[in-house]
2 protein chains.
Amino acid sequence: MNAREEKSAKERILQSAVELFARKGYAACGLREIVAAAGVSVAMVNYHFGSKESLLQAIMDRFFSRIHDIAMAHFPGDAPFELKIRGYFREIVAFLRNNTDLARVSFTELPHDIPGIVDFKAERVMKIVGVFASELLAGLPEHLRRRIRPEVHGPAVMGALVSHFLVRPVIENVFDQELDDSFYESFADELADMVLYGVLHSRPEDTTQRKES
Amino acid sequence: MNAREEKSAKERILQSAVELFARKGYAACGLREIVAAAGVSVAMVNYHFGSKESLLQAIMDRFFSRIHDIAMAHFPGDAPFELKIRGYFREIVAFLRNNTDLARVSFTELPHDIPGIVDFKAERVMKIVGVFASELLAGLPEHLRRRIRPEVHGPAVMGALVSHFLVRPVIENVFDQELDDSFYESFADELADMVLYGVLHSRPEDTTQRKES
DNA sequence: GTCTATAGTCCGATAGAC
DNA sequence: GTCTATCGGACTATAGAC
């Protein structure tokens, strides 16, 4: 083991692949382009990862491990639900902001036709859903927990969170919005609001009134 | 014009492409596979669409036109905001349910490296954002309108809506949920709740209490 | 571990017959 | 409008030298 090296060839390949897969898509990006960016030869991909598909799986493995770790860092314990949720959203937003390419690849490369990848993702997602169910939702009072339908709200909240990063170039283009620290701080809080008030509770009398005439 | 034919070759190509792009991804799917499914020859793609890229653009054009039309059908007029939102969500959910492949292709093929497609999508999204701003939000009372930050809530709500359809195979796998008419009816209402109560208003005193001990 | 060279396949586009 | 045949290039994977 040579711990002195800046980055191993394996790590450089993985990072180049993340960046290029995010920008061009898994199928559109050739190994030649990845290894050129990483400064190695094509044969190294198959030596270190076995195949292009396994390289993608290694990328997704890294992403889902981090997502799982973040959930485990915030959900167990006796803190109030609101604090858990707000803390979780802040950290997950920071993580997605700093690892947008990783998230983009791990999310958008779902629909493609590689059974190994689809099964792998389903298994990792199921594990993370388990953390939400047993560590976060189990601590809620009954009347609030009954508001939550995991098969509806789970993907919805996840989509609300992730879609910002997936379409960020369009957002910058359309809204002329500077995406700085303060934007992401309030972004995380707005999403937490959507869970706290949009999923857990309702106050119809405030929103059914007619518009001002 | 031969209006008697079941479907034109052009339409059959487009429909095969939607299905295959959704399943395998734009880059992973060859023209040969599309034309085989459509029962025509490769040359027909370039004859009718000009190129593979223009074929993708034609698909996205169809999707965004429909999205625009649905917004225009629900947002203008004096109906209460809640009714506009609930009616819109019901129709958009039905549309996405019946055109999942079209939506999947039109959404997920963003990040790739084709400048013409990215510009095209940005322009269509901007047009639809304009409908929301001028026809839906303009009718809200001031104190509610100030709660909405389009650059945050727009992509978030869109992501909450669409992500269900993008990850539907995983949902079926993980939650063992039958996705029938009644599921989608309540799905649309839950999402409307997230907008009405999660975006427009808040009621913190209900969600800050400690869990039951 | 890392390389070069190459095998074998598939790609998008188009020329030209009908 | 629709076809067949084909061009030039890019792809993944691997064999084999070092």
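Scope of the values below: all heavy atoms of this structure, side chains included, with no hydrogens, waters or symmetry mates. Chain naming here is simple, since letters A, B, ... match the order of the sequence lines and numbering starts at 1 in each. The structure presented is a predicted model; accordingly, all values stated were derived computationally and were not measured.
Note on residues 123-134 of chain B: pairs passing salt bridge (Lys or Arg N to Asp or Glu O under 4.0 Å), not counting sequence neighbours, are B/D61-B/R124. For residues 28-48 of chain B, the pairs satisfying salt bridge (Lys or Arg N to Asp or Glu O under 4.0 Å) are B/K24-B/E33, with sequence neighbours left out.
With sequence neighbours excluded, no residue forms a side chain to side chain donor-acceptor pair (under 3.5 Å) with A/H48. Applying the side chain to side chain donor-acceptor pair (under 3.5 Å) rule to A/D181 yields the partners A/R97; only residues at least two apart in sequence or on another chain are considered.
Spacing between atom CZ of A/F21 and atom P of D/dC11 amounts to 12 Å, rounded to whole angstrom units. Distance, A/L31 CG to C/dT4 P: 15 Å, rounded to whole Å. Here the C1' atom of nucleotide D/dC11 and the CD atom of A/E33 are 12 Å apart, to the nearest Å. A/L55 has its CG atom 15 Å from the P atom of D/dC11, to the nearest Å. Remark: C1' of D/dA10 and NZ of A/K52 are 11 Å apart, rounded to the nearest angstrom. Rounded to a whole Å, the CD1 atom of A/I13 is 13 Å from the C1' atom of C/dC3.
Residues of residues 35-49 of chain B that place a heavy atom closer than 4.0 Å to DNA chain C, in numerical order, are B/A43, B/N46.
Position along DNA chain D of the nearest nucleotide to A/G30 versus B/R32 favours B/R32 as the more 5'-ward residue.
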Could you tabulate the donor-acceptor pairs under 3.5 Å formed by side-chain atoms of residues 150-167 of chain A, not counting sequence neighbours?
| from | atom 1 | to | atom 2 | distance (Å) |
| --- | --- | --- | --- | --- |
| A/H153 | ND1 | A/R149 | N | 3.0 |
| A/H153 | NE2 | B/E190 | OE1 | 3.2 |
| A/S163 | OG | A/G159 | O | 3.0 |
| A/S163 | OG | B/P155 | O | 2.8 |

Inset, instruction - Kindly indicate, with the supporting measurements, whether the criterion ring-ring contact (aromatic ring centres under 6.0 Å, His included) is fulfilled by B/F132 and B/Y88. - result: CA-CA 11 Å; B/F132 276 78; B/Y88 175 73; 5.6 Å; yes

